[in-house]
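These notes concern the structure reproduced below.
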There are 2 protein chains.
Amino acid sequence: MNHRNKNKLRKSKQRDRILAVLKDTQTHPTANWVYDQLKPEFPSLSLGNVYRNLNILVEQGLVERLDFGSTFDRYEAKIEPHLHLVCESCGAIFDLDVPGEMNEKLEKHVSSRTDFQVLRQRMEVFGLCADCRDRDRR
Amino acid sequence: MNHRNKNKLRKSKQRDRILAVLKDTQTHPTANWVYDQLKPEFPSLSLGNVYRNLNILVEQGLVERLDFGSTFDRYEAKIEPHLHLVCESCGAIFDLDVPGEMNEKLEKHVSSRTDFQVLRQRMEVFGLCADCRDRDRR
DNA sequence: CTGGATGCAAAGGGTTTGCACGTTT
DNA sequence: AAACGTGCAAACCCTTTGCATCCAG
């Protein structure tokens, strides 16, 4: 898919800042949002380059690509495993910790029944956030 | 997003067959795969119409759209909640049951800590399937 | 008859890529 | 100097949509 060699990566201010922006935010931004954030800082920045660097960061394992039902990808800097609460009405995404031991339990469950080697997990809950639920009640 | 009225849906052989194909398969097909399956049966079938009907079926809650990292959507007929094992090497997707009570536990966890109303859950595990793991060992 | 369903082809829209130039090592 | 990084714009590709036609109710 990609023939970049991990050992040959150079420093790049743009890439550094893209990662920093992702680490700073509590949201789960789109590539375009990241682009908007950095455009003032790098007036010549191109959206294509944001995509390129996001892909590199994902390859490096520093950033995770999120794929919800929406039409475009969202990204987040990799942190502790956590649960995503996705509002199906307004699209907001909230983070929550995973119930204790649940990750371990799930992995054991898979290992005990299959030969699949688990590298990472994803748990998501879809529904209505408080605001949208209230709005629907009117 | 869509202004179709659920009460005004008519029967359609194409839509019936699309759902049937999804129910018959153990895989998690793309729209194009479904199209290929049905093209011999409906020589005039168009890919656009497959997409239209898949969207209708998703709206009706009969089919679920899956969004993994791949470039195109996959679909599956709605059945019992289950776990997806996604191979990051070959893209294969396997189903597995969810450990007992885990769904309930997760929902209680969310309800007890937020005002988020849970409608559905998604649990996925990414890693390497047996074949790909063996291949990597060579 | 009426209005949803379909085929066809064109348009959409997020993401990727080729190329020439800029930058890091 | 060599090779990766960037900007720009065009290309990609899956998905959606407009429109004339078809068909179920």
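A note on names: the letters A, B, ... follow the listed sequences, proteins ahead of strands, and every chain is numbered from 1.
Separating the CG atom of B/L54 from the P atom of C/dT6 is a distance of 11 Å, rounded to the nearest angstrom. Distance NZ (A/K13) to C1' (C/dT24): 11 Å, rounded to an integer number of Å. Distance, B/L45 CG to C/dC8 P: 9 Å, rounded to whole Å. Computed from coordinates, the B/L57 CG to C/dG4 P distance equals 17 Å when rounded to whole Å. Taking atom CG of residue A/D67 and atom P of nucleotide D/dC14, one finds them 16 Å apart after rounding to whole Å. One interatomic measurement links the two molecules: CG of A/D73 to C1' of C/dT16, which rounds to 12 Å at whole-angstrom precision. We find that CD1 of B/I56 is positioned 9 Å from C1' of C/dG4, with the value rounded to whole Å. The CZ atom of A/F42 sits 18 Å away from the C1' atom of D/dC8 (whole-angstrom rounding).
Using a cut-off of 4.0 Å between Lys/Arg side-chain N and Asp/Glu carboxylate O, B/D97 and A/R113 are scored as salt-bridged. A salt bridge is defined here as a Lys NZ or Arg NE, NH1 or NH2 lying under 4.0 Å from an Asp or Glu carboxylate O, and A/R122 with A/E124 meets this definition.
OP1 or OP2 of D/dT16 lies within a sub-4.0 Å distance of a side-chain N or O belonging to B/N55. Contact annotation: B/S12 does not reach the phosphate of D/dC23 (side-chain N/O to OP1 or OP2, under 4.0 Å). An OP1 or OP2 oxygen of C/dT23 is reached within less than 4.0 angstrom by no side-chain nitrogen or oxygen of A/Q14. Distances shorter than 4.0 Å separate none of the side-chain N or O atoms of B/S46 from OP1 or OP2 on C/dT6.
The nearest heavy atom of DNA chain D to B/K11 and to B/G48 marks one nucleotide each, and the one closer to the 5' end goes with B/G48. For the pair B/R15 and A/N49, both in contact range of DNA chain C, the more 5′-proximal nearest nucleotide belongs to B/R15.
Nearest nucleotide to the B/R10 side chain, out of D/dT6, C/dG3, D/dG7: C/dG3. You'll find that the side chain of B/N53 is closest to C/dT6, out of C/dT6, C/dT16, C/dA5.
Side-chain polar atoms of B/H82 and B/E76 form a donor-acceptor pair below 3.5 angstrom. For the residue pair A/R65/A/N55, the side-chain donor-acceptor check at 3.5 Å is satisfied.
Side-chain atoms of B/R52 and base atoms of C/dG7 include a donor and an acceptor less than 3.5 Å apart.
The number of heavy-atom neighbours closer than 6.0 Å to NZ of A/K39, taken from other residues, nucleotides and ligands shown, is above 12.
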